[in-house]
Amino acid sequence: MRRNLENTQRKLDDARGESEMSNEAKTQFLDNMSHELRTPPNAVIGFSDMLAMQRSKVLDAEKIRDYAGSISQAGYHLLDLINDLLDFAKIEAREVALCREPFAICEEVGSIRSVFEVLAQENQVELAIVENGPAVVVNGDPVRFRQVLYNLVSNAIKFSAGGAVRVETSSERLDGGRMALEIRVHDTGICVPHDRLDAIFNPFSQSDSSITRRFGGTGLGLPISRTLARLMGGDVTVESVPGVGSTFTATFVFEDVSTVVDAAGQTGRQPSGTPIDLGLSVIAVDDISSNREVIEVMLADLGCKPVVFVNAGRKGGGYGKRGGRRGGRDGSRN
């Protein structure tokens with residue numbers, strides 16, 4: 001009986017220790033996020049106010065572009081933070097649903113260079129992409145696949161300033177019309193300590209507490225990526241060698257539909273450089289005035305005639321510069 005009591009007490013102590021560590025990690029995460037979430041809006045508001053205060057002056061086009069670029073960069077950074085938090089909340093609630101549609105692996109991997117060209121230049125990183133194996137079209141979720149791929153490449157470039165990043169892909173056809181895909185992202189940046197290789201995939205954790213202060217981010221990218229890869233039949237793993245760098249390997253298992261889908265004509269992609277002129281009348285509904293303005297301009301640029309409404313029964317307009325009232329969670333998705 002005494003031994004049983006001692007074992008029970010030991011288990012309770014271990015559980016309490018794990019709980020305290022988890023609470024400490026979440027507290028540190030919230031402290032970091034309070035800073036991360038405030039920084040981009042400050043930049044957006046600051047540069048917007050600077051533009052507004054210059055109405056009596058004549059600003060050159062380059063200065064306006066610089067201000068607009070800073071506002072856009074801060075906005076995208078804030079959107080990334082919010083997306084990570086919302087994705088993690090969905091994962092915690094087990095509400096992540098994957099769609100199934102045909103997409104070409106080579107198109108997704110090929111987009112890496114154009115998407116990350118500027119970031120690679122800013123960090124003086126040499127980016128190389130090597131595709132092995134035949135071009136394949138698979139049934140899966142291209143958005144979630146892209147999310148995993150882009151997260152690994154973005155991290156590699158961010159942590160490898162002045163170095164090199166190499167992305168290699170390989171595929172293998174399996175029984176039952178399936179295809180196994182492997183993507184290796186090797187970087188020459190800071191390595192992950194051996195005792196932290198598993199911890200970096202835990203929510204709210206990074207390989208070093210100074211990482212968040214130096215590079216920002218939520219620390220949720222890798223946990224989200226691993227969860228999504230596992231939902232797609234694979235995993236995300238890491239190998240790291242001091243002085244050499246790290247290699248993150250993402251694996252997936254998809255249904256191979258290469259023989260029944262024409263990759264060039266059926267993957268829903270517009271050939272790059274092709275001008276788009278849809279020539280359609282499009283009804284856009286959104287209860288946020290700023291969203292309506294953006295939608296209207298984008299539709300007009302596509303050659304469409306936008307007809308904008310606040311809701312199903314009221315035409316757009318009359319909400320003032322700040323939108324009049326705040327929309328609900330789905331305000332921008334109406």
Side-chain angles (χ1 to χ4, degrees), residues 35-84 108 110-127 129 143 146-147 149-151 153-163 165 213-218 221 269-279 282 284 286 288-306 308 316-317 319-323 327 331-333:
H35 170 73
E36 287 289 323
L37 290 173
R38 285 189 178 100
T39 300
N42 286 339
V44 171
I45 295 170
F47 283 108
S48 299
D49 287 345
M50 289 172 67
L51 285 172
M53 289 187 295
Q54 299 296 324
R55 285 179 297 182
S56 60
K57 301 180 181 180
V58 178
L59 289 178
D60 59 83
E62 184 177 355
K63 180 64 70 175
I64 294 175
R65 282 195 297 269
D66 287 344
Y67 287 169
S70 297
I71 293 171
S72 177
Q73 186 177 16
Y76 277 115
H77 178 50
L78 178 61
L79 183 61
D80 288 340
L81 294 174
I82 293 173
N83 284 339
D84 277 353
E108 300 299 339
S111 68
I112 292 175
R113 189 173 301 280
S114 60
V115 171
F116 292 100
E117 181 178 7
V118 174
L119 182 62
Q121 290 176 353
E122 289 176 350
N123 287 270
Q124 298 180 336
V125 170
E126 181 182 346
L127 178 60
I129 301 173
V143 174
R146 199 178 307 130
Q147 183 176 353
L149 180 62
Y150 284 7
N151 180 267
V153 175
S154 175
N155 281 348
I157 295 175
K158 184 168 60 173
F159 295 133
S160 302
V165 172
R213 293 191 297 272
R214 290 171 58 193
F215 299 100
T218 61
R269 292 300 184 88
Q270 180 80 9
S272 81
T274 302
I276 302 175
D277 188 353
L278 300 179
V282 179
D286 200 302
I288 308 296
S289 64
S290 57
N291 289 350
R292 294 196 300 274
E293 292 176 14
V294 172
I295 293 171
E296 191 168 4
V297 172
M298 293 179 68
L299 288 174
D301 286 345
L302 291 173
C304 299
K305 180 182 178 182
V308 183
Y319 261 55
K321 214 167 188 181
R322 295 188 180 272
S332 61
R333 300 182 184 179

Quiz item: Hey, what do you get for CG (N123) to CZ (F159), rounding to the nearest 0.5 Å?
Solution: 10.5 Å
Exercise. Report yes or no: does D286 contribute a side-chain atom to a donor-acceptor pair with the main-chain N or O of I288 at less than 3.5 Å?
Key: yes
Practice problem: State which residues pass side-chain hydrogen bond (donor to acceptor under 3.5 Å, both in side chains) with E296; sequence neighbours excluded, sorted by chain then number. | Solution: none
Exercise. Among N151, I157, V153, find the residue that satisfies the side-chain contact (heavy atoms from CB on, under 4.5 Å) test when tested with N155.
Key: N151
Quiz prompt | Closest contact, heavy atoms only, P306 versus L299 | solution = CB-CD1, 3.8 Å
Quiz item: How long is the span from the CZ atom in F116 to the CD atom in E122, to the nearest 0.5 Å?
Solution: 12.5 Å
Quiz item: Which pair of heavy atoms, one from S111 and one from S114, lies closest together, and at what distance?
Solution: O-OG, 3.1 Å
Quiz item: So, do P40 and Y76 sit near enough that their side-chain heavy atoms are less than 4.5 Å apart?
Solution: no
Quiz prompt | Inter-residue atom distance Q73.CD - I71.CD1, 0.5 Å rounding | solution = 11.5 Å
Quiz item: So do the side chains of I112 and L127 get within less than 4.5 Å of each other, counting heavy atoms only?
Solution: yes
Exercise. Verify, without hydrogens or angle tests, whether S72 (side chain) and A68 (backbone) share a donor-acceptor contact under 3.5 angstrom.
Key: no
Exercise. List the steps, then state whether side chain to side chain contact (heavy atoms under 4.5 Å, CB included) holds for S48 with Y67.
Key: CA-CA 8 Å; S48 299; Y67 287 169; over 6 Å; no
Practice problem: For the pair R292 (side chain) and A284 (backbone), establish whether a donor and an acceptor sit closer than 3.5 Å, ignoring hydrogens and angles. | Solution: no
Quiz prompt | Value rounded to 0.5 Å, distance of CD in E108 from CG in L149 | solution = 8.0 Å
Practice problem: Test side chain to side chain contact (heavy atoms under 4.5 Å, CB included) on V282 and L302 and set out the steps. | Solution: CA-CA 11 Å; V282 179; L302 291 173; over 6 Å; no
Quiz item: Taking all non-hydrogen atoms of both residues, which atom of V44 and which atom of G75 are closest, and how far apart?
Solution: CG2-N, 4.2 Å
Quiz prompt | Chi angles and distances behind the side chain to side chain contact (heavy atoms under 4.5 Å, CB included) call for L119, S154 | solution = CA-CA 8 Å; L119 182 62; S154 175; 4.3 Å; yes
